[in-house]
There are 2 protein chains.
Amino acid sequence: MRYPAEHKQQKRQDLLRASGALIKEGGFSATGIDAIAQAAGVTSGAMYSHFSSKSDLFKALLERELQHSTELWAGKLEQSLEQWLAYVMDHYLSLDHVKHPGTGCVLPALGAEIGRADPSVKAVFAHELQKGIDSLSERLGSPQLATAVISQMVGALVLARAMPTRQAQLAVLDASKAVLPTLVARPK
Amino acid sequence: MRYPAEHKQQKRQDLLRASGALIKEGGFSATGIDAIAQAAGVTSGAMYSHFSSKSDLFKALLERELQHSTELWAGKLEQSLEQWLAYVMDHYLSLDHVKHPGTGCVLPALGAEIGRADPSVKAVFAHELQKGIDSLSERLGSPQLATAVISQMVGALVLARAMPTRQAQLAVLDASKAVLPTLVARPK
DNA sequence: GTCTATAGGCTGATAGAC
DNA sequence: GTCTATCAGCCTATAGAC
């Protein structure tokens, strides 16, 4: 047993990766431990040797998801502001992102449920999101503008997903795409 | 029995009013029919004489909530753009709204769950939201700008509610308040 | 139209074998 | 660490009395 700790950590990440898609797709409270475990290829009993409770799994999932998102944003910091914005619009504000919450950002999928979670969950969330905001601030000039941009995109995705037709979804996405350039171009 | 239809309609509205706060507070899927009925002062069996299913109740609730929201927005159309914006910021983007989802807007509270609901729910949602967007367009000049403003505020409220401290909640609200004036002032 | 009672299934979590 | 088996409680929805 040379790498027991590493293996356990790796398995934890595997479980989170497999369950993350399911939870973002169906919602946290509406997705049962059995379904989560099954998607990860284990039984519900085995889940509890990695996470002490469903809430504990929620915390670990948020940590992982937000770190992943921050890496995505930070990876494009070498580009110009125009290039960065074009990249964001093409990916975040896309019909693909609307249609597939399981492979997308946690914020529009689970944001409201984080708001209903207990304080320890919110604390983990705020801690990890702050890193993302700090990273975005380097690109946009201020934490305030970074926060406003995130709010704009999260709101757009929530609304677009609630729409019944592709046409209506596109209208919501296009509305955000139309205002974002004037938003980020303002050093204010 | 001179007003049976009216009485039944009135009772329906009473049930929706009483259950609306509970559902927006705790989430739709996480709130049971028993709790909803109890908040409305009846039993779960009685609920099914007014709504054929929980999903049917969801539709009726969205209809009611969005009509109420649209009336709130439309009631301020006689004001100047500056006055209107100040009103919106003070009320929608307030700590009070963050802390009390039960008495607030449906969109940040249940938006993600509408996205997971069946097409008939989404159709009702889109139909009623369109009226609100049309109303807002009169004030802001275009449906596109109205949609972007709604996205901005919905995203801000979702994020603010996910924050653990009042300070962090305020930071999110202030970030949106800082960009909204430049957003609506642009006729583009 | 509202009640009580109940069906049938799913929930999060635990105990003990291996 | 993972399994099977199981607990007590909750879920949506329905049946039948009044």
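Protein chains get the first letters and strands the later ones, always in sequence-line order, with residue 1 at the start of each.
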Check residues 35-50 of chain B and write down every donor-acceptor pair under 3.5 Å in which the side-chain atom is one partner and the other belongs to a residue at least two apart or another chain.
from	atom 1	to	atom 2	distance (Å)
S44(B)	OG	D34(B)	OD1	3.3
S49(B)	OG	A46(B)	O	2.7

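- Applying the side-chain contact (heavy atoms from CB on, under 4.5 Å) criterion to S135(B), with sequence neighbours excluded, gives T70(B), A74(B), L77(B).
- Within the structure, the ring pair (Phe, Tyr, Trp, His ring centres under 6.0 Å) test picks out no pair touching residues 142-166 of chain B (sequence neighbours left out).
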Name every donor-acceptor pair, under 3.5 Å, that has one atom in a side chain of residues 19-30 of chain B and the other anywhere in the protein, sequence neighbours excluded.
from	atom 1	to	atom 2	distance (Å)
S19(B)	OG	L15(B)	O	2.8
S19(B)	OG	L16(B)	O	3.4
K24(B)	NZ	E65(B)	OE1	2.9
K24(B)	NZ	E65(B)	OE2	3.4
K24(B)	NZ	G102(B)	O	3.2
K24(B)	NZ	G104(B)	O	2.7
E25(B)	OE1	G102(B)	N	3.2
S29(B)	OG	E113(B)	OE1	3.3

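- Extent of DNA chain D lying under 4.0 Å from chain B heavy atoms, first and last nucleotide in 5' to 3' order, is dC11(D) to dT14(D).
- By the salt bridge (charged side-chain N to carboxylate O under 4.0 Å, His left out) test, K11(A) pairs with no residue at all, sequence neighbours left out.
- Scored by the salt bridge (charged side-chain N to carboxylate O under 4.0 Å, His left out) test, D90(B) finds no partners at all (sequence neighbours excluded).
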Between N or O atoms, less than 3.5 Å apart, protein on one side and nucleotides 6-11 of chain C on the other: list the pairs.
none

Can you give me every donor-acceptor pair (side chain of residues 156-166 of chain B, partner residue at least two apart or in another chain, under 3.5 Å) with its distance?
from	atom 1	to	atom 2	distance (Å)
R161(B)	NE	V98(B)	O	3.3
R161(B)	NH2	H97(B)	O	2.8
T165(B)	OG1	A168(B)	N	3.1

